[in-house]
Amino acid sequence: MCQIYAQADPILYESRARSVRIMGVITTIKLENLFWQTLAELAADNDLTTNQLIAKLHDEVTTHLGEASNFASFLRVTCLRYQALKSHAGFATSAATSATKINAAA
């Protein structure tokens with residue numbers, strides 16, 4: 001089992017910092033490359049750029065919780081939840097995409 005994880009391409013867990021404009025302020029977010037790839041995929045599913053997606057997620061979590069503490073961790077959890085929805089048994093890829101639309105009505 002460990003070989004599946006231990007032999008992962010080191011590029012996937014290499015960290016990369018990106019500058020993003022959130023609420024008019026440029027901030028730097030540092031995530032592992034695999035999370036950046038997942039955010040790009042989620043953004044494309046929602047017809048957004050990665051930066052637009054991140055700003056939208058920040059706005060939504062701030063509206064919901066009043067703050068966005070530990071935002072990088074929130075983004076990692078968002079990626080994991082997105083992947084879980086996509087791979088959940090019985091979910092077709094199109095159903096998972098529909099379920100993860102940022103603008104979908106609740």
Side-chain angles (χ1 to χ4, degrees):
M1 176 177 108
C2 291
Q3 290 179 356
I4 293 170
Y5 305 108
Q7 294 179 3
D9 184 350
I11 294 295
L12 295 175
Y13 53 86
E14 183 177 284
S15 294
R16 182 168 51 118
R18 283 183 62 172
S19 295
V20 180
R21 184 178 301 272
I22 298 175
M23 296 174 55
V25 177
I26 296 176
T27 188
T28 300
I29 299 172
K30 187 174 183 178
L31 296 171
E32 295 74 19
N33 286 326
L34 184 58
F35 290 112
W36 286 118
Q37 290 173 10
T38 304
L39 287 171
E41 182 181 331
L42 177 56
D45 283 351
N46 286 279
D47 299 320
L48 298 169
T49 66
T50 303
N51 288 1
Q52 289 171 329
L53 172 72
I54 290 169
K56 186 162 187 66
L57 288 170
H58 185 275
D59 289 346
E60 290 181 0
V61 75
T62 301
T63 299
H64 180 69
L65 298 176
E67 65 176 333
S69 64
N70 207 349
F71 189 60
S73 291
F74 167 79
L75 291 174
R76 288 183 188 94
V77 170
T78 297
C79 290
L80 292 173
R81 293 184 71 190
Y82 169 72
Q83 292 295 347
L85 281 173
K86 280 184 50 177
S87 65
H88 187 270
F91 256 159
T93 301
S94 62
T97 300
S98 296
T100 59
K101 289 286 184 186
I102 298 298
N103 295 317

Checklist entry - Does the pair Arg18 and Thr50 meet the rule for a side chain to side chain contact (heavy atoms under 4.5 Å, CB included), with working shown? => result CA-CA 11 Å; Arg18 283 183 62 172; Thr50 303; 3.8 Å; yes
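- Looking only at side-chain heavy atoms (C-beta outward), Asn46 and Gln52 stay at 4.5 Å or farther from each other.
- Taking CD1 of Ile29 as the start and CD1 of Ile54 as the end, the distance is 4.5 Å to the nearest 0.5 Å.
- With values rounded to the nearest 0.5 angstrom, Glu32 atom CD is found 11.0 Å from Thr38 atom OG1.
- Residue Leu85 is not grouped with residue Val77 when hydrophobic side chains (ILVMFWY) are merged at heavy-atom distances under 4.5 angstrom, including chains of intermediate members.
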Checklist entry - Does the side chain to side chain contact (heavy atoms under 4.5 Å, CB included) test come out yes or no for Met23 and Asp59, once each step is laid out? => result CA-CA 8 Å; Met23 296 174 55; Asp59 289 346; 3.7 Å; yes
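- Atom CG in Leu12 sits 10.5 Å away from atom CZ in Phe35 (nearest 0.5 Å).
- The only member of Leu34, Leu39, Leu42 that meets side chain to side chain contact (heavy atoms under 4.5 Å, CB included) when paired with Cys79 is Leu39.
- Thr28 approaches Ala17 most closely through the heavy-atom pair CG2-CB, 3.6 Å.
- A continuous path of ILVMFWY side-chain contacts below 4.5 Å connects Ile22 to Leu65, so both sit in one hydrophobic cluster.
- Between Leu53 atom CG and Glu60 atom CD the span is 9.0 Å, to the nearest 0.5 Å.
- Here the NZ atom belonging to Lys30 is positioned 15.0 Å from the CG atom belonging to Leu75, to the nearest 0.5 angstrom.
- To the nearest 0.5 angstrom, Glu14 atom CD is 13.0 Å from Leu31 atom CG.
- Take Phe74 and apply the ring pair (Phe, Tyr, Trp, His ring centres under 6.0 Å) test, not counting sequence neighbours, and it matches Phe71.
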